[in-house]
Amino acid sequence: MSRYINNNSWNRWVLYFYWVLSTVVLTITECIHLVQYGGKAWQGGPLFPDGYGSASLCMLLSLLLAEVLYRNMKRYFDYILIAMGLVYAVIVMLTFGREVQGLYIGLDLPIIVALFYFSHSRLWFATILTLSSYIAMMVMVEPFKTYIGFLDLIAVIGMIMGTSLVGLAILKRGNELQHALERAVTSEIEAFADAVATQNASKYDYLTGLYNHITYQEYLTALIQQHEVYQLPLQLAVLDIDNFKTINDSFGHHAGDLVLKEMALLLQECLSTEDVAARYGGEEFVLLLTGKSTEQSHQLLEEIRQKLASTAFSVIMHQKVTISVGMVEYKAGQGKDDLFQRADAYLYEAKRTGKNRVVSPHRKGHEDANQISECS
């Protein structure tokens with residue numbers, strides 16, 4: 001379908017070319033007429049005895065017919081334009097052939113037009129059509145023989161065949177270049193895909209799909225720099241799954257991996273696009289919360305904790321999993337190492353004081369909730 005659309009657009013330009021060509025040919029021949037005959041009547045050719053007028057009328061009628069066919073036979077219009085090139089060449093030869101030598105070179109016109117479409121079938125069509133039409137004219141148009149000798153006949157046939165062979169060579173070379181370009185594009189796409197895969201492998205955690213430890217460090221550095229300039233709120237939360245070793249020991253590491261994946265899905269569901277979730281290592285996760293007050297971030301972590309605590313995991317006999325969380329807010333000039341150490345200290349306090357809780361300087365521990373909040 002795309003080839004048909006492209007040819008349709010190109011056909012319009014070829015038709016414009018024929019309009020221009022008609023104007024140029026008729027203008028040049030009229031100038032020659034004026035120079036040679038001083039305005040006297042053109043002697044004409046074997047088919048158009050009144051010369052210029054008949055040729056002009058034929059060219060105009062062929063162009064108008066082509067415009068009609070362009071709107072009604074677009075699927076086959078490529079071949080119509082190729083045949084039209086032959087019609088032009090024949091009109092010029094039969095009209096002005098006696099007075100202007102070498103006009104038989106116009107028989108190359110349909111072959112040249114066929115090359116525009118970069119198609120072997122159209123090139124062969126133009127070659128066969130031109131050769132058969134030329135031979136038919138030699139046989140059927142008696143006056144045509146008077147100024148076309150045997151040597152001219154051989155020369156014209158040789159010209160047509162030579163132009164066709166050159167066209168075939170052009171198409172062959174074009175196909176080679178096209179295939180080379182396709183291979184280059186394919187290689188570039190494959191290289192890009194490999195680069196993306198490599199980048200993803202170095203950016204994301206292979207098990208959970210969250211950012212990995214390295215990417216977390218990069219984001220933390222960038223967000224701290226942003227905070228120092230714009231004083232935007234930034235909190236760091238460190239999450240650890242409670243009793244995760246017991247899960248691995250009781251149900252196997254595969255079950256533990258599935259729990260980690262579910263944990264990652266929960267974090268992705270609850271966090272906004274402005275936040276960053278990463279797997280820090282093992283069963284430990286880190287969250288970078290932005291654009292929220294400390295109270296809002298603490299409440300978000302409570303919602304995550306409560307939702308996880310209410311979820312029964314089928315891979316561990318429908319048991320529930322809890323997390324302990326330590327959270328701190330970044331203070332200007334603090335540095336990321338000190339920030340993490342403080343958050344990790346609050347995580348240790350959450351573990352030490354009973355687990356399944358969120359601890360931060362803002363709020364110690366948690367209040368039990370009767371309703372489980374839905375993450376947004």
Side-chain angles (χ1 to χ4, degrees), residues 204-213 216 235-272 275-289 292-329 339-376:
Y204 295 96
D205 175 62
Y206 74 97
L207 178 62
T208 63
L210 299 178
Y211 291 122
N212 59 23
H213 183 275
Y216 149 74
Q235 295 89 28
L236 169 64
V238 182
L239 294 69
D240 188 87
I241 298 178
D242 297 327
N243 306 314
F244 188 73
K245 184 177 183 302
T246 302
I247 295 175
N248 282 334
D249 292 343
S250 301
F251 302 98
H253 287 83
H254 177 68
D257 289 345
L258 294 178
V259 170
L260 292 174
K261 289 181 180 180
E262 289 296 327
M263 179 67 188
L265 291 175
L266 174 64
L267 295 177
Q268 290 173 332
E269 177 185 347
C270 292
L271 298 179
S272 70
D275 302 323
V276 176
R279 184 185 180 193
Y280 192 82
E283 70 274 17
E284 195 169 40
F285 299 83
V286 287
L287 306 180
L288 296 173
L289 308 174
K292 292 178 278 291
S293 66
T294 303
E295 174 62 30
Q296 290 172 331
S297 293
H298 189 102
Q299 181 60 34
L300 173 61
L301 294 171
E302 278 289 346
E303 292 173 2
I304 294 173
R305 180 193 64 78
Q306 293 176 30
K307 188 168 185 177
L308 181 65
S310 66
T311 301
F313 289 82
S314 58
V315 295
I316 54 174
M317 305 292 292
H318 299 282
Q319 295 184 23
K320 298 179 180 179
V321 175
T322 63
I323 56 172
S324 298
V325 185
M327 185 199 76
V328 293
E329 183 165 21
L339 178 69
F340 181 82
Q341 289 175 6
R342 291 181 58 225
D344 196 49
Y346 283 108
L347 169 63
Y348 176 76
E349 183 177 343
K351 292 283 191 182
R352 184 179 58 81
T353 56
K355 303 178 181 178
N356 189 24
R357 62 189 63 226
V358 180
V359 177
S360 69
H362 177 68
R363 292 169 64 184
K364 304 285 186 178
H366 70 86
E367 298 84 12
D368 292 332
N370 294 325
Q371 296 287 337
I372 300 298
S373 302
E374 292 296 330
C375 297
S376 58

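Throughout, residue positions are numbered sequentially from 1 according to the sequence presented.
- Inter-residue side-chain proximity for Ile316 and Leu258 is flagged as unmet; no heavy-atom pair is nearer than 4.5 Å.
- Looking at Asp240 and Ser324, their side chains never bring a donor and an acceptor atom within 3.5 Å of each other.
- We find that Asp205 and Arg279 are joined by a salt bridge, their nearest charged nitrogen and carboxylate oxygen being less than 4.0 Å apart.
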Practice task
Would you sort out whether Ile241 and Phe285 count as a side chain to side chain contact (heavy atoms under 4.5 Å, CB included), showing the intermediate values?
Solution key: CA-CA 9 Å; Ile241 298 178; Phe285 299 83; 4.2 Å; yes
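- Taking each heavy atom of Tyr346 and Pro361 in turn, the nearest pair found is OH-CG, 3.2 Å.
- Contact annotation: the side chain of Ser360 never approaches that of Glu329 to less than 4.5 Å [non-hydrogen atoms, C-beta and beyond].
- Under the side-chain hydrogen bond (donor to acceptor under 3.5 Å, both in side chains) criterion, Glu284 pairs with no residue, sequence neighbours left out.
- Using a distance-only test at 3.5 Å, with no hydrogens or angles considered, no donor-acceptor pair links the side chain of Ser250 to the main chain of Ile247.
- Ile323 CD1 to Glu283 CD: the interatomic distance, rounded to the nearest 0.5 Å, is 12.0 Å.
- Val276 has its side chain out of reach of Tyr216: every pair of non-hydrogen atoms, C-beta onward, lies at least 4.5 Å apart.
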Problem - Val286 and Phe340: CA distance, side-chain angles, deciding distance, side chain to side chain contact (heavy atoms under 4.5 Å, CB included) verdict - result: CA-CA 9 Å; Val286 287; Phe340 181 82; 4.0 Å; yes
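- Contact annotation: the side chain of Thr208 never approaches that of Leu267 to less than 4.5 Å [non-hydrogen atoms, C-beta and beyond].
- Two rings, from Phe251 and Phe313, have their centers 6.0 Å or more apart.
- A heavy-atom distance below 4.5 Å is found between the side chains of Leu300 and Lys292.
- Annotation for Asp275 and Leu289: closest pair OD1-CA, 3.4 Å, computed over non-hydrogen atoms.
- In summary, the side chains of Asp249 and Thr246 do not present any donor paired with an acceptor at a separation below 3.5 Å, with no hydrogens or angles considered.
- Within the model, atoms CD of Gln341 and CG of Asp344 stand 8.5 Å from one another, a figure rounded to the nearest 0.5 Å.
- Between the CG atom of Leu210 and the CG atom of Leu265 there is a distance of 8.5 Å, given to the nearest 0.5 Å.
- How far CD of Gln296 is from CG of Leu301: 12.0 Å, rounded to the nearest 0.5 Å.
- Within the 4.5 Å cutoff, the side chain of Phe244 has no heavy atoms near those of the Val321 side chain.
- Between Arg305 and Thr322 there is no side-chain heavy-atom pair separated by less than 4.5 Å.
- Of the residues Leu239, Val359, Leu236, Thr294, the one that meets the side-chain contact (heavy atoms from CB on, under 4.5 Å) test with Met327 is Thr294.
- Between Tyr211 and Tyr204, the two ring planes are parallel [angle under 30°; tilted spans 30° to 60°].
- In this structure, the side chains of Val325 and Glu302 stay at 4.5 Å or more apart for every pair of heavy atoms.
- For the pairing with Asp242, the side-chain hydrogen bond (donor to acceptor under 3.5 Å, both in side chains) check across Lys355, Lys351, Arg357 returns one residue only, Lys351.
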